[in-house]
Protein chains: 2
Amino acid sequence: MSQKLIAHIKRFVQLTDEEKKILEDYVQTEQYGKKEHLLEAGEVCSKKYFVVNGILRMYNLNEKGVEQVIHFAIEGWWVTDFFSYNSGKPSRVSLQAVEEAEVTVIDASLENELLAKVPKLESYFRQVLERAYAASLMRTHYIFNLSAEERYRSFAATYPDFVQRVPQYLLASYLGFTPEFLSKVRAKKE
Amino acid sequence: MSQKLIAHIKRFVQLTDEEKKILEDYVQTEQYGKKEHLLEAGEVCSKKYFVVNGILRMYNLNEKGVEQVIHFAIEGWWVTDFFSYNSGKPSRVSLQAVEEAEVTVIDASLENELLAKVPKLESYFRQVLERAYAASLMRTHYIFNLSAEERYRSFAATYPDFVQRVPQYLLASYLGFTPEFLSKVRAKKE
DNA sequence: CAAAAAACTTAATGTAGATTAATAAAACAC
DNA sequence: GTGTTTTATTAATCTACATTAAGTTTTTTG
């Protein structure tokens with residue numbers, strides 16, 4: 001198991017060596033190539049993914065058949081479709097590696113057992129979710145209060161490296177406008 | 001303490017009578033009149049609120065000084081500003097009762113103690129957050145994939161009662177368009 | 001219940017960003 | 001390294017919704 005997950009957990013709760021060992025028994029590492037899918041819409045999402053390296057995107061299709069990026073996950077983020085994961089129903093979203101990615105995985109069938117053995121992880125996941133939820137609310141706020149151009153400039157200023165790593169049409173989709181528009185904005189002045 | 005919180009918790013974890021008693025020692029009930037503030041931007045948000053009755057809104061001011069509704073909380077929802085709550089820094093959002101509201105409150109200074117005594121609540125809050133987070137991601141998806149008019153119609157179809165209870169200009173703000181536009185949409189056909 | 005404030009409506013005008021379409025440049029595959 | 005696919009650019013036209021502003025209805029308050 002990657003040390004990155006251990007390091008991440010350490011920022012929220014302190015595990016004993018014993019607990020770390022137990023954790024290692026319950027997670028696996030997986031590798032995905034560029035554009036490979038971790039989950040396709042229609043399948044049940046039975047795993048939670050921690051991104052060790054690379055970038056994932058969660059997306060789905062709108063009525064017009066256009067792919068809409070709901071979310072990016074980068075190093076140090078957890079992703080899953082909680083709707084599907086918790087209900088066992090087929091997912092309506094897909095999860096794909098934008099670039100080559102390494103992930104640490106926990107399976108739904110094992111999670112409760114793990115959490116029972118290492119209750120500190122309940123606290124860890126709760127805290128991680130608090131941050132993710134707060135960030136998601138803030139994103140909504142930005143969507144409504146910034147123009148498309150402002151959204152791009154503010155995002156690019158906050159995540160300059162990320163903006164370089166990800167294809168422009170995916171970034172445009174994530175920020176809620178067209179690639180053509182992003183192209184125009186970039187032409188103006190970087 | 002209201003039975004509604006107990007009932008809500010029961011949907012996620014099973015508390016013993018002993019645990020319920022402990023919980024009661026750590027929470028309080030508060031009552032807020034219409035338009036009364038639970039939290040004002042600039043203050044530190046040191047509480048988590050569970051809505052027993054009524055409607056709360058979380059909002060902040062954009063650069064133009066216009067109030068933007070970030071979130072509504074109705075019966076059975078928890079709200080807080082996690083940024084402020086977890087960091088102790090002043091909040092940038094306000095929390096206000098839209099209509100007379102009764103809330104069950106837990107204080108930040110007591111929460112860890114309570115969670116230590118009743119670890120099941122870690123699990124409860126984790127599960128509640130998973131839902132809230134998933135809902136927030138879905139909202140983002142709707143914002144980008146539905147037109148303003150579709151967003152209103154879909155929201156009104158899903159929450160017909162809520163749409164009646166809340167002033168139109170707040171609903172418009174929450175859905176990300178102007179009250180004038182909502183007025184026009186409603187005039188067309190309900 | 002009268003006056004003031006708050007919330008809602010209507011209509012004219014303006015604009016950010018979508019759409020379409022065609023071309024160009026990268027990235028990929030054999 | 002040449003052909004093919006994927007991604008990015010540019011420009012003309014179009015539209016959903018914002019803005020402004022004036023008027024109306026509803027709610028609140030003393």
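A note on names: the letters A, B, ... follow the listed sequences, proteins ahead of strands, and every chain is numbered from 1.
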_B/K117 charged N/C atom sitting above B/Y26 aromatic ring, 6.0 Å / 45°_ = no

*In terms of hydrophobic clustering (I, L, V, M, F, W, Y; side-chain heavy atoms under 4.5 Å; direct or indirect links), are B/V105 and B/L38 co-clustered?*
yes

_Interface limits on DNA chain C, where chain B has a heavy atom under 4.0 Å of a nucleotide atom_ = C/dA6 to C/dT10

_Basic-acidic side-chain contact under 4.0 Å: A/K184, A/E149_ = no

*A/F181, CZ atom: more than 12 neighbouring heavy atoms under 6.0 Å*: yes

*Pair A/K34 + A/E99, salt bridge at N-O below 4.0 Å*: no

*How do B/F181 and B/K35 order along DNA chain C: which one's closest nucleotide is nearer the 5' end?*
B/K35

_Residue met sooner reading DNA chain D from 5', once A/Y169 and B/E180 are mapped to nucleotides_ = A/Y169

*Only one of A/Y152, A/Y59, A/F155, A/Y169 forms a ring-ring contact (aromatic ring centres under 6.0 Å, His included) with A/Y174, so which one is it?*
A/F155

*asked:* Just to be sure I understand the rule, does B/P179 reach a base, reach only the sugar-phosphate, or reach nothing, if contact means heavy atoms closer than 4.0 Å?
replied: nothing

*Residues which pass ring pair (Phe, Tyr, Trp, His ring centres under 6.0 Å) with A/F82, listed by chain and number, not counting sequence neighbours*: none

*Nearest-nucleotide comparison on DNA chain C, the residue closer to the 5′ end among A/R151 and B/S183*: B/S183

*Check the angle between the aromatic planes of A/F50 and A/W78 and answer parallel, tilted or perpendicular using the 30° and 60° thresholds.*
tilted

*asked:* Reading DNA chain D from 5' to 3', where do the contacts with chain A start and stop? Cut-off is 4.0 Å to heavy atoms.
replied: D/dT6 to D/dT10

